[in-house]
Amino acid sequence: DQILVTRGSSEAIDLIIRTFCRSGEDHILTPTPAFSMYRHYAIIQGAGVVEVQTLAERDFAIDVDVLLAACGAHTKVIFVCSPNNPTGTPLPRADLLRLLDQRRSQSAVVVDEAYIEFGDEQSVIELLNSYPNLLVLRTLSKALGFAGVRCGAVAGAQEIIALLSAIQAPYALATPVVECVEDALDDDQLIIAANAVKQVIAERSRLMSAISNYDFVSKVWPSEANFFLIRVDDAVAMMNHCKAHKVLLRHFGGELADCIRITVGSQSDNDTLLSVLNRFAKD
Ligand SMILES: Cc1ncc(COP(=O)(O)O)c(C=O)c1O
């Protein structure tokens, strides 16, 4: 009764905003940069979006005092992604507890744990019984590599889960999806997935230290996700060079105009990236 299975955790984000935010009256609050779908679904619902800037010079750490100061009577949902996409920054548990306590009867606090398996922080799921305003998002898309199956979940207080369930489309998950998910959650498959996560974590440190040696890279931010963010001299030139060599990275523009997000691949994918970057460094 405390879990709703959804079509990816994206559907859960949509359901939460539609449940809590009245169009034209309420808003969501989220640190930025953050996963773009919080804003996307808020706009579709006609809800406002209040964004609280995190600072590159503080490694994009969330300042809970700043977040709390930005809250008002119409702040109905606070989204915190930990580790965050696209920065890889986790929210320490003590900070989350303060946020949950201070907004206990005023806002739902959604902790998006899409990348939790790649970091050191433990899931906050066991806090659910102490904090009725906490919702936790999980997905099969990242550590389990099942993005195409479109399956995620939201965990929370029974009353909230009942509300979310009431507005979810009936029979949301197709039978082949359910069968695929049952296979993915089989013990043997979970061991394979856990080993793959270990490999990504090891490759992440190898790639980060190799990339920090290039002269055109001025900053590599720490990350607890399966990607990391770097600051480079000319992001557009680097993106174009990589694309021309069939390596796709992510450039967001805006406040991250001089940054690129690199997703950690297999050992051979990462070797390919490094050899493409070696050529970029020589040009
Ligand atoms: C932080 C975060 N949350 C949620 C999602 C949604 O994942 P899905 O809908 O595939 O479960 C993503 C996907 O990129 C993400 O980065």
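Start at 1 and go down the list; that is how both ligands and their atoms are numbered. Sequential numbering from 1 along the given sequence is applied to the chain's residues.
Atoms of ligand 1 found under 4.0 Å from any heavy atom of S141, numbered from 1 in the order shown, are 8 (P), 10 (O), 11 (O). Near G8, meaning under 4.0 Å from one of its heavy atoms, ligand 1 places the atoms 8 (P), 9 (O), 11 (O). Within the listing of ligand 1, atoms 1 (C), 2 (C), 3 (N), 4 (C) sit less than 4.0 angstrom from a heavy atom of D112. Under a 4.0 Å criterion applied to the non-hydrogen atoms of Y115, ligand 1 contributes the atoms 1 (C), 14 (O), 15 (C), 16 (O). Residue C81 approaches ligand 1 through these ligand atoms, each under 4.0 Å from one of its heavy atoms: 1 (C).
Side-chain atoms of Q168 and E11 include a donor-acceptor pair closer than 3.5 Å. Side-chain atoms of S82 and E113 form no donor-acceptor pair, as typed in the model, at a separation below 3.5 Å.
Residue-level proximity to ligand 1 for S10 is carried by backbone and side chain together, each with a heavy atom below 4.0 angstrom. Within the 4.0 Å heavy-atom criterion, the part of R150 lying near ligand 1 is the side chain and not the backbone.
For atom 12 (C) of ligand 1, the closest non-hydrogen atom on the protein side is F35 CZ, 3.2 Å. Atom 13 (C) of ligand 1 has K142 NZ, 2.8 Å as its closest protein atom, hydrogens excluded (heavy atom only).
Taking any N or O of S9, backbone or side chain, at least one lies under 3.5 Å from an N or O belonging to ligand 1.
Judged purely by atom type and a 3.5 angstrom limit, S107 has no side-chain atom pairing as donor or acceptor with the backbone of R103.
For F79, the ring pair (Phe, Tyr, Trp, His ring centres under 6.0 Å) criterion is met by Y38, not counting sequence neighbours.
If you chain together hydrophobic residues whose side chains sit under 4.5 Å apart, I161 and V136 never meet in one group.
Using a 4.0 Å cut-off between a side-chain N of Lys or Arg and a carboxylate O of Asp or Glu, E255 and R231 do not qualify as a salt bridge.
Put simply, the side chain of L277 reaches to within 4.5 Å of the side chain of C242, judged on heavy atoms.
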Stepwise ring pair (Phe, Tyr, Trp, His ring centres under 6.0 Å) test for W221 and F228: CA-CA 7 Å; W221 278 278; F228 57 93; over 10 Å; no

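Residue G152 places no heavy atom under 4.0 Å from ligand 1.
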